[in-house]
Engineer: 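Can you read through this structure? Questions will come right after.
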There are 2 protein chains.
Amino acid sequence: MTDTKQRILDTAECLFAENGFAATSLRAIIAKAGVNLAAIHYHFHSKEALLEAVILRRAAPANQERMKLLDRCEQDAGNQPPSIEKVIEAFVAPAFRQARDPALGGPVFRHLTGRLYAEGDMMPRIIATHFRPVLERFATAIRRALPEMPPEELMWRVHFATGVVAQALRGTRAMEMFGVLHEASNSELVLDRLVTFLSAGFRAPVMKKVAQRG
Amino acid sequence: MTDTKQRILDTAECLFAENGFAATSLRAIIAKAGVNLAAIHYHFHSKEALLEAVILRRAAPANQERMKLLDRCEQDAGNQPPSIEKVIEAFVAPAFRQARDPALGGPVFRHLTGRLYAEGDMMPRIIATHFRPVLERFATAIRRALPEMPPEELMWRVHFATGVVAQALRGTRAMEMFGVLHEASNSELVLDRLVTFLSAGFRAPVMKKVAQRG
DNA sequence: GTCTATAACTTGATAGAC
DNA sequence: GTCTATCAAGTTATAGAC
């Protein structure tokens, strides 16, 4: 990959994560990257295709790792389904591992992922294309880990959990707003905290009011 | 309030919720509202001031109701702090109540709130101005409801919970992506599900690994 | 592959008639 | 209060020289 192309990808990743897709102009990217405007259209075709390239570069390996981790969980568990803790960790860990590796852009892409998850409907095509297979596989694993849970209830919990993951990935700037000191958000501890919080939510007994209606 | 002004507010609310702030042009608003471009600049001063007006119109009464509900919880509980369930419900219920009232714009503003929560850092000034007092009051209530929880851990759980609330408010379009049938998201049941999920997350025992480090 | 130049269009904002 | 007309700047994208 040429140096120019890579610098464009890096800079775009950074600015999309920082300001969002719509609010980031190509000219802001070329200014920070020190490249020519036409170079973007040469290497990528359009602004949207650039975003897709940015996503794919990091999401593809992360999603492969997610699948591999889930494979291993299911092997280790033998005939039984893996616990909800293991499934959640398999899904979230790759993003944190990536964030700790400067060669993979450090925490920048994690922020971008968080933003994309959170905006969600803003770029449904891209999300659906590159995340759907992984998400469906994990949805199945979650169903198997909690076979007693009514499907409708489980769907809602997955929905809620998506919000947690997005928030956790996006980082802690929201917390800083309140002037709270806190540990680095790529700490291993955050992953543990996340798994604890989510697993408890998933395992919570179904409310009677809800269960009666189905 | 003039009819024009109100139509601008309604339409802007709708489009900001649908497409985000940056991606919504003033001309898209005037087209859908059937008003003149200059009218926006006459009634509001700028695009950003329009957003703030949109937010304030709904957030102010909702936040007042949040405070009132929390007051009542604390009265009912006497000397003891109210349970985490009650605190969470006091915070979230007004948004759902508002969403069920067509006179208050129905679910539209709830979607917008969810988006603002989720984008978070995108409009920190507005969020900080209009939500900070409420959030600080509720943070205190949560601390009192869970006095055993180490403050650092609690901060993270509040951070995670913010993501859940944002996701729940934003609605279910992310779920629809997977073709799942589901009940209406302004159902009373969703509120119960949300409270159940979040309370369980908050009450989860602190992991040993985390507790050791503080 | 990289550049300049520019087309073609959209944006937020304003001036001034009515 | 509401309109038309317009500004100045910024946008994505392209054509064509090198």
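Values in this document were obtained by computation on a predicted structure and should not be read as measured data. Protein chains get the first letters and strands the later ones, always in sequence-line order, with residue 1 at the start of each. Values below: all heavy atoms of this structure, side chains included; hydrogens, waters and symmetry mates excluded.
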Engineer: Can you name the one residue among B:V164, B:L194, B:V87 that meets side-chain contact (heavy atoms from CB on, under 4.5 Å) with B:V92?
Structural biologist: B:L194
Engineer: Using the salt bridge (Lys or Arg N to Asp or Glu O under 4.0 Å) rule, take A:R7 and A:D3 through it: C-alpha gap first, then chi angles, then the decisive distance, then the call.
Structural biologist: CA-CA 6 Å; A:R7 270 223 307 292; A:D3 189 56; 2.6 Å; yes
Engineer: Report the residue from B:K32, B:K5, B:R57 that forms a side chain to side chain donor-acceptor pair (under 3.5 Å) with B:D10.
Structural biologist: B:R57
Engineer: To the nearest angstrom, how far is A:I8 atom CD1 from C:dG1 atom P?
Structural biologist: 12 Å
Engineer: Atom CZ of B:R7 and atom C1' of D:dG1: how far apart are they, to the nearest Å?
Structural biologist: 14 Å
Engineer: Rounded to whole angstroms, how far apart are CZ on A:F44 and C1' on D:dA13?
Structural biologist: 16 Å
Engineer: Base, backbone or nothing for each nucleotide of nucleotides 2-18 of chain C, written B, S, -, heavy atoms under 4.0 angstrom, 5' to 3'?
Structural biologist: BBB------BBBB----
Engineer: Side chains of B:R72 and B:Q75: donor-acceptor distance under 3.5 Å anywhere?
Structural biologist: no
Engineer: Is the count of non-hydrogen atoms from other residues, nucleotides or ligands lying under 6.0 Å from B:K47 atom NZ greater than 12?
Structural biologist: yes
